[in-house]
Structure formats: C-alpha cells, structure tokens
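All ligand and atom numbering here is 1-based and tracks the order in the structure.
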Amino acid sequence: MNTIVAPSLLSCDFSRIKEESEMLNRSQAEWFHLDVMDGVFVPNISFGLPIIKAFRKHTDKILDVHAMIQNPDDFIEDFKAAGTDILTVHYEACTHLHRTIQKIKSTGMKAGVALNPHTPISLLKDVLKDLDMVLIMSVNPGFGGQSFIEGTYDKVRELKQEIDAKNLETIIQVDGGVNTKNASALVAAGATALVAGSAVYKSEDPMKTIEILKNA
Ligand code: DX5
Ligand code: ZN
C-alpha cells in the first residue's frame, strides 16, 4: 500500500533542524508534519512561522502544517509565504469554515480540515468535496506522546465510506498515538496518511520505523 508517512517534527530536536531535515530527506517519509499551537485553541504553545521557514530551507518534501490555532484566517498568506504546501485548520476553530477553505485554496496550498475526537464526521458533509484532506485526531490535540483513542477506527471507516460514496479522492490522515502496532489496522480502515511523532523520534532507528509505517 502507498501510505503517506508524515513524521511530526514536534518530537524532534529543534537545536538540530538541519540534521533532522536531512534524516527525513533520506527516509521514505513523503511529508514533514509541522504542529503549530497557539496556547489558545490548545493548552500548549509549540512554534510558528520562523520554524516552518527553517524547515523549508532544508527540504523539498511536502510541508504539511497542522494549525492548532483559533481563527487561522489572518495567517493563511503567512503560512503560504513560509513555504507551507498543505494547510490543515481545525473544524472547531473556524466559524466560517467554508470561507477559510476557499481562502487556503486561493493561495495555491492544499486544504485540510482536522476533527477533534469529539467532532463527528457528519459535520463535514457540506464541505467534503472542497477538501484535499481530512485529519482525524486520534488524541486530543496539544501534545505528543498521548495514547491512541480506539474509537478512531470507526471514524476512519465512516469517513472512507463518505468519500467513496461521493467518488472523491480526499486524503484521510490520522494523527495522535500512531505507531507500528496500530498502523496496519488504520490503513485497513481507510487511512491514507499517517502522522507519527514519538513512535518515530523515540525509536532506536527512526528511518526504519518510517519504513515500517510506510508499508503498513
Ligand atoms: C498533537 C499533534 C500531533 C503530535 C503527534 O496535537 O497534532 O501531530 O505531534 O505526536 P504522537 O505521534 O507522539 O502522538
Ligand atoms: Zn499534528
């Protein structure tokens, strides 16, 4: 299977951005997953535009930015200018989601919407066809290293059904607690992109772990 692997750099060593990028460049990971947190939408602050720019300097791979920020609309152009290829915003953080999606796409970036564990798939019904990706959170956003929520499998299956019924090619990304043990079940349920932070960076051989996830 051609699963997209997107290591979450939240768990990397930020004093070594160049080396961390080089490792991912050599690996089978297609995307760099960058978790931007504002301390408002989620109870944590991570990093912002300068760090995205720094990774952009060291890779030609896709920069997949997961914006865990309230009202992302004002920063869409800035994310684009920093080198973002795919911008994912949270359903729960956007009052005018349809407008936000159109604005992201008008810059040339791909548009994703993330759903928190409590947010049902059905709420995306009217915008699904406009999306390049749906990110299903399998933990509550804000931190790396949390345990995977088992109800995620059903959610992935339900989303896959919706996408197939509408003949769409929307990417289904799963983020949070993904590891070499649950990856194949997620892919079997319909996931097409896997985000993994601690599973990659806490493993003895990150490149090997990426390869296992890639073949899940
Ligand atoms: C959590 C972030 C994730 C996180 C995943 O809010 O969106 O991308 O870094 O980390 P792990 O894989 O350790 O759960
Ligand atoms: Zn993320």
Side-chain angles (χ1 to χ4, degrees), residues 3-14 17 20 23-24 27 29-48 51-52 55 61-70 72 79 84-94 109-119 131-153 155-156 171-187 191-210 212-214 216:
T3 309
I4 295 164
V5 179
S8 164
L9 278 307
L10 189 61
S11 298
C12 85
D13 179 351
F14 286 96
I17 284 181
E20 295 284 21
M23 186 277 281
L24 289 190
S27 80
E30 286 91 346
W31 296 358
F32 283 38
H33 184 84
L34 297 171
D35 290 296
V36 176
M37 302 180 186
D38 66 354
V40 178
F41 177 65
V42 286
N44 194 11
I45 295 175
S46 57
F47 54 79
I51 295 285
I52 299 174
F55 281 109
K61 293 194 180 189
I62 302 280
L63 294 188
D64 164 38
V65 173
H66 178 189
M68 283 161 272
I69 63 177
Q70 202 62 46
F79 280 120
T84 303
D85 297 295
I86 306 172
L87 181 61
T88 297
V89 295
H90 266 262
Y91 177 88
E92 304 83 6
C94 300
M109 292 186 287
K110 304 257 188 237
V113 169
L115 299 179
N116 276 342
H118 72 276
T119 307
L131 295 177
D132 297 292
M133 179 163 88
V134 175
L135 187 171
I136 296 185
M137 286 305 304
S138 37
V139 298
N140 286 293
F143 304 92
Q146 304 182 80
S147 316
F148 180 83
I149 296 171
E150 295 292 324
T152 306
Y153 297 112
K155 230 166 149 175
V156 172
I171 295 167
I172 302 178
Q173 184 177 56
V174 179
D175 183 7
V178 174
N179 55 42
T180 53
K181 293 193 185 75
N182 56 24
S184 354
L186 284 168
V187 171
T192 45
L194 299 176
V195 176
S198 35
V200 168
Y201 290 97
K202 301 245 181 310
S203 76
E204 280 187 7
D205 186 346
M207 297 228 332
K208 180 77 200 161
T209 305
I210 289 168
I212 296 169
L213 293 170
K214 176 83 196 148

Closer than 4.0 Å to some heavy atom of H66 - which atoms of ligand 1 meet that?
7 (O)
Report the member of S8, S147, G197, A6 with the shortest heavy-atom distance to atom 4 (C) of ligand 1.
S8
Counting distance only, does the side-chain N/O of T192 pair as donor-acceptor with the main-chain N or O of I172 below 3.5 Å?
yes
Within a reach of under 6.0 Å around CZ of F148, are more than 12 heavy atoms found that belong to other residues, nucleotides or ligands?
yes
Nearest non-hydrogen atom to atom 14 (O) of ligand 1 belongs to which of A114, G177, S11, A199?
G177
Would you say G144 has any N or O atom under 3.5 Å from an N or O of ligand 1, going by distance alone?
no
Quick note on ligand 1: atoms under 4.0 Å from a heavy atom of L10 include exactly 9 (O)
Which atoms from ligand 1 have a heavy atom of M68 less than 4.0 Å away?
6 (O), 7 (O)
Do T209 and T180 make a side-chain contact, defined as non-hydrogen atoms from C-beta onward lying under 4.5 Å apart?
yes
Mind checking whether D35 and D175 have side chains closer than 4.5 Å, heavy atoms only?
yes
Can you tell if the side chain of L24 reaches within under 4.5 Å of the side chain of L9, non-hydrogen atoms only?
yes
For P141, which part has a heavy atom under 4.0 Å from ligand 1: side chain, backbone, both, or neither?
both
Atoms in ligand 1 flagged as close to V195, the criterion being non-hydrogen separation under 4.0 Å:
8 (O)
